[in-house]
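Sharing a structure, written as structure tokens. Questions coming.
Below, read A as the first sequence line, B as the second, and so on, with proteins coming before strands; counting in each chain starts at 1. Computed from a predicted structure; not experimentally measured.
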There are 2 protein chains.
Amino acid sequence: MNIVFKALNDPTRREILEMLQERDMTAGEIAEQFTISFPSISHHLDILKQAKLVIAEKEGQFVYYSLNTTVVDDIMKWFLQFKSKKK
Amino acid sequence: MNIVFKALNDPTRREILEMLQERDMTAGEIAEQFTISFPSISHHLDILKQAKLVIAEKEGQFVYYSLNTTVVDDIMKWFLQFKSKKK
DNA sequence: TATATATTTAGACAAATGTCTAAATAATAT
DNA sequence: ATATTATTTAGACATTTGTCTAAATATATA
């Protein structure tokens with residue numbers, strides 16, 4: 001859980017997640033959308049991967065990234081505890 | 001939104017939120033539950049307050065902290081975008 | 001007024017984070 | 001085989017973060 005919140009605590013990484021919600025993309029396609037360097041984006045992707053928020057699949061020389069929504073479900077469950085209490 | 005994810009990115013602060021989900025507590029009561037110093041807890045409470053995740057109300061010499069669930073709702077909405085897409 | 005209690009503020013410091021450039025790895029094309 | 005393209009790894013560096021102790025502020029009590 002810690003690692004997931006850590007991964008979400010960066011605007012670039014959250015934007016990557018939003019992009020991947022639209023369609024799967026290669027590392028290069030993702031990096032093109034930002035002004036920061038390719039290695040920095042690669043590092044962000046690694047953090048998202050560690051948190052299992054994204055899945056990476058190699059196809060030839062490209063690496064396709066896609067969203068892993070099951071972890072999003074887990075986070076949602078954590079937040080739901082704050083809704084259950086009757087006021 | 002940035003400030004909220006930042007506030008959530010710490011296990012102590014998340015634990016404070018879970019404690020406040022049970023009942024309102026004073027800064028001192030909260031601090032007692034942890035091994036870290038009072039000033040550190042005070043700092044954590046300040047970050048939660050900045051994110052509007054908690055509300056602080058002074059009563060005499062005590063400061064009561066309570067959960068602000070409306071911000072939790074906003075976060076949930078952000079996560080919901082990842083559920084809407086049909087696969 | 002002086003003292004005790006509750007909490008925050010200030011300043012220091014080590015560890016973690018986000019960024020960069022340069023180099024390495026891997027696959028494809030000439 | 002060599003060059004090109006896609007991506008990651010390594011190392012450096014400035015900024016941010018979480019923690020601490022000491023001091024300050026605010027309220028209540030003797």
Could you check how far CZ of A:Arg14 sits from C1' of C:dG18, rounded to whole Å? 14 Å
Between A:Phe62 and B:Phe62, just flag the one whose closest nucleotide in DNA chain C comes earlier from the 5' side. B:Phe62
Nearest whole Å is fine: how far is D:dC20 C1' from B:Phe38 CZ? 15 Å
Distance test, side-chain N/O of A:Ser40 to OP1/OP2 of C:dG18, below 4.0 Å: no
d(CE, A:Met25; P, D:dT7) in whole Å: 11 Å
Quick one: does A:His44's side chain get under 4.5 Å of A:Ile16's, heavy atoms only? yes
Heavy atoms only, 4.0 Å cut-off, all strands: where does B:His43 land among base, sugar-phosphate and nothing? base
Winner on side-chain proximity to A:Arg13, out of C:dT21, D:dG18, C:dG18, is C:dG18
If you define the side chain from C-beta out and look only at heavy atoms, does anything of B:Val4 sit under 4.5 Å from B:Val71? yes
May I have the distance from B:Lys6 (atom NZ) to C:dA16 (atom P), rounded to whole angstrom? 18 Å
Please report whether the ring centroid of A:Trp78 lies less than 6.0 Å from that of A:Phe5. yes
Nearest atoms (heavy-atom pairs only) where A:Lys52 meets A:Asn68: O-ND2, 2.9 Å
Rounding to an integer number of Å, can you tell me how far B:Phe5 CZ sits from C:dT17 C1'? 18 Å
Give the nucleotide from the list D:dT19, D:dA22, D:dA10 with an atom nearest to the side chain of B:Pro39. D:dA22
Measure from the side chain of B:Ala27, starting at C-beta and using heavy atoms only, and say which of C:dA22, C:dT8, C:dG18 lies closest. C:dT8
Heavy atoms under 4.0 Å, any strand shown: does B:Asp46 hit a base, just sugar-phosphate, or nothing? nothing
If you compare every side-chain N and O of A:Ser42 against the phosphate oxygens of D:dT8 (OP1, OP2), does one of them come in below 4.0 Å? yes
For D:dT8 and A:Tyr65 - does any side-chain N or O of the residue sit under 4.0 Å from the phosphate oxygens OP1/OP2? yes
Distance, rounded to the nearest Å, where B:Glu59 contributes CD and D:dT27 contributes P: 13 Å
I need the NZ-P distance between B:Lys58 and C:dA6, as an integer number of Å. 13 Å
Closer than 4.0 Å, any side-chain N/O of A:His44 to the OP1 or OP2 of C:dT19? yes
Stepwise, does the salt bridge (charged side-chain N to carboxylate O under 4.0 Å, His left out) test hold for A:Arg23 with A:Glu29? CA-CA 11 Å; A:Arg23 66 180 182 86; A:Glu29 285 175 329; 3.6 Å; yes
Between atom CG in A:Asn9 and atom C1' in C:dT17, what is the gap in whole Å? 10 Å
Is there, by distance only and without an angle test, a donor paired with an acceptor across the side chain of A:Gln61 and the base of C:dT28 below 3.5 Å? no
Checking all strands, does A:Tyr64 fall into the base, sugar-phosphate, or nothing category for heavy-atom contacts under 4.0 angstrom? nothing
Within the pair A:Ser37 and C:dC20, is there a side-chain N or O less than 4.0 Å away from OP1 or OP2? yes
